[in-house]
There are 2 protein chains.
Amino acid sequence: MVPQTTVAAMKSTIPESGVPIAKPADSGPERSEPSLHGEILSRLRDYVVEGNIPDGGRVPERQLCEMFGISRTPLREALKVLAAEGLIDLLPNRGARVRQLGKRDLEELFDVMGGLESLAGRLACETITDEEIAEIERLHYEMYGHYLHRNMHNYFQANQRIHERIVAASRNETLRTIYANLAGRIRRVRYSANFARERQRWTEAMREHEGILDALRRRAGSELADILFQHLRNKRTAAVEHLGGMPEGAIAEATEG
Amino acid sequence: MVPQTTVAAMKSTIPESGVPIAKPADSGPERSEPSLHGEILSRLRDYVVEGNIPDGGRVPERQLCEMFGISRTPLREALKVLAAEGLIDLLPNRGARVRQLGKRDLEELFDVMGGLESLAGRLACETITDEEIAEIERLHYEMYGHYLHRNMHNYFQANQRIHERIVAASRNETLRTIYANLAGRIRRVRYSANFARERQRWTEAMREHEGILDALRRRAGSELADILFQHLRNKRTAAVEHLGGMPEGAIAEATEG
DNA sequence: AAACCAAAAAATGAATGCAAAATGGTCGTG
DNA sequence: CACGACCATTTTGCATTCATTTTTTGGTTT
C-alpha cells in the first residue's frame, strides 16, 4: 500500500485505504508520506469513489469544506489532483462533476486494465515464488467455493484479491499504482453494473481463472499475458453489455445533492 | 498563446480563449480543458520536462510565480497535479523537487511502457487500416535510412514516432494519455543517458523493428505484444546499463539554481 | 577550530477576501 | 401564454494575509 497519510497530530488520523495515484514509486525505504494535504486528498477520493455523489453530479465545494472542516484552498488542490486522476471533470468556471463513464470509456478502461494485468502476469512469471503461487492457489479455491455456493459477493472479493496478488507479484510499484488508479475509476461501475451480467459468465470466468493459475504455475509469461488480456476482454464485454441500451455518455443526469 | 504576464500589482483580467490543453486522463465526449489554470499547468509541466531544473533540484515556488506572473495559489495547484503525475515529489513542509529516477525506477517505467506498447500493438491489430500500416512502414524505412547514415538524432525521432503511431492505432485515448505521461517522466533520461548505450544495439533494434512491422502486417496481435514487450525490455537494459555504476537513487545531488 | 545552540529570515501550508462569471428567478413584452 | 431581458444570489478563481515550520546565520561553548 502507499501510505501518504500518517499525520498523528491534530486532525482525525484516518488510515486511508483508498486509491493512491502517483505518489511514489520510489524505491527507497522512506515510506510514510505525511502531509495533512494528502489526508484531505485521500478522504475526498474515497468519498467520490465510494459513490456518495451521483454519477455526473456536482461536487459541492463549499459543502465539502464544512464536511472536512477545512477551507477551500486545500480542497480545491485536492480537486485538481482528482481531476488529474480522472475521477472528476473540472469545467472552466462551472465547478467539478464526477466523471461520467460512457460505453466507450468503459471499453477503454477495461482494455487498459487488461493490458496492465497482462503485463503484471508476464512480470510475475519472472520472479514469483512458490509461496506466492500457493497463496494465489488458496484464494483460487476459496473463490471456487464461493462459486459453488453461488455467493456472488465473496466470489467477487476473492476474485479481486487474486488479481491484486498477481499485480503485487509483478514487483513493480509503478504498475501497481497505475493499476490502482484505474481500478478506482471503474469501481462505481464494478459494484453496480458488473454484478448482474457477470453472473451469467461465472462458469466461463472460473475456467479462465484455472487457465491463469495453470500458466502461472508453469511460469509461462507470454501465455499468461494472453490469457489475462482475454479474461479482461471478456469482463469488458460483460460490463459493457450491462449498460448496453444507454447512449454514449448519458447514464443519468442525476439529481444532485 | 495567451499573454498573461501581468504585473502582480494589476488585476489580470484576461479573456482567455479556449485553448485545448494536453491534459492527462481525458477521454470521453467532453474533452478540451480550457481555463487559464490548465494553461499554467501545461507551461509548468513543459518547464519541468524540458529539464530547466536540475535532477532532484528544488522547484522555487516564488520564483516561478513571478516567471508566470501569477500568485502562489494557482501555481501550487499545478504543483499538486504534477506531483500526482509523478514528475515531482512533494515533501511535507520542504517544498517540491523534481523526481529523481533511480535504477529501479527506470526499470519499472520501461517495463510499464513495454506493457502499454504491448497492449497498444495488440489492440492496433484489431482495427488498424492498411493506410496506417503503410504510414508506419514509411516511417520504418525512413528510420532505416537514418540508421544507415548513422544519424542518431533523426533515427531516434523516427523511432519515437513509430511507437507513437502504434499507440495511436490502438484507438484508446486512455491508453494514449497514460503512455504520454510515462513518456514524459523518462524524457529527461531518454535524451541524455539512453543515447550513448542505445547506439550499441542499433542493429539489434532495427531487426526487432522489422519483426514489429511484420507482425503488424499480419495482424498477429499476441505475437506483436510479445515482440513489443521484449523490444522495450531490451531498451530498458540498454538504458539501465548506461547509468549502471551509479547507486540507487543518486544520479546527482545537482547544484540547484 | 569544530560543534552546538538560539534567534532571525525565508518558505510552506492553510484561511480569508474580493472581483468576475454563472445560475436562478422575476419581470416585462410580444 | 410564451419567450427573452434584467437583476439578485451563489459560486468560482485568484490574490492576499496569517500562522507554522524549516533553514540559515551568528554567537557561544568545549
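Below, all heavy atoms of this structure are taken into account, side chains as well, without hydrogens, waters or symmetry copies. Chain identifiers are assigned alphabetically (A, B, ...) following the order of the sequence lines, protein sequences preceding nucleic acid strands; residue numbering begins at 1 within each chain.
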request  = Not counting sequence neighbours, which residues clear side chain to side chain contact (heavy atoms under 4.5 Å, CB included) with B/Arg94? List them please.
outcome  = B/Leu91

task = May I have the distance from B/Leu41 (atom CG) to D/dC14 (atom C1'), rounded to whole angstrom?
result = 16 Å

ask   = Are B/Glu117 and B/Tyr179 close enough that a side-chain donor and a side-chain acceptor fall under 3.5 Å?
value = yes

message = Between B/Arg176 and B/Glu173 (salt bridge meaning N to carboxylate O under 4.0 Å), is one present in this structure?
response = yes

Spacing between B/Glu66 atom CD and D/dT16 atom C1', to the nearest angstrom = 15 Å

Under 3.5 Å: donor-acceptor pair, side chain of B/Ser170, backbone of B/Ile166 = no

task = Check the distance between C/dA15's P and A/Leu75's CG and give it to me in whole angstrom.
result = 10 Å

inquiry  = When you measure from the side-chain N and O atoms of B/Ser71 to the phosphate of D/dA15, is any distance below 4.0 Å, counting only OP1 and OP2?
reply    = yes

note = Per side-chain hydrogen bond (donor to acceptor under 3.5 Å, both in side chains), B/Asn159 is matched among B/Gln157, B/His163, B/Arg161 by B/His163

message = Rounded to whole Å, please give me the gap between CD1 in A/Ile70 and P in C/dT16.
response = 12 Å

inquiry  = Strictly distance-based, threshold 3.5 Å: is any side-chain N or O of B/Asp105 a donor or acceptor partner for the main-chain N or O of B/Gly102?
reply    = yes

query = At how many degrees, to 10°, do the end axes of the helix from C/dA1-D/dT30 to C/dG30-D/dC1 meet when each uses five pairs?
reply = 10°

Just the table, please: protein N/O against nucleotides 7-13 of chain C N/O, every pair under 3.5 Å.
{"residue": "C/dG13", "atom": "OP1", "partner": "B/Pro92", "partner atom": "O", "Å": "2.5"}
{"residue": "C/dG13", "atom": "OP2", "partner": "B/Arg76", "partner atom": "NH2", "Å": "2.6"}
{"residue": "C/dG13", "atom": "O5'", "partner": "B/Arg76", "partner atom": "NH2", "Å": "3.1"}
{"residue": "C/dG13", "atom": "N7", "partner": "B/Arg72", "partner atom": "NH2", "Å": "2.9"}
{"residue": "C/dG13", "atom": "O6", "partner": "B/Arg72", "partner atom": "NH1", "Å": "3.4"}

key: Side-chain donor or acceptor of B/Arg97 paired with backbone N/O of B/Gly56 under 3.5 Å   = yes

key: Geometric cation-pi criterion A/Arg122 and B/Phe229, 6.0 Å radius, 45° cone   = yes

request  = Specify the separation, in whole Å, of atom CD of B/Glu77 and atom P of D/dT12.
outcome  = 13 Å

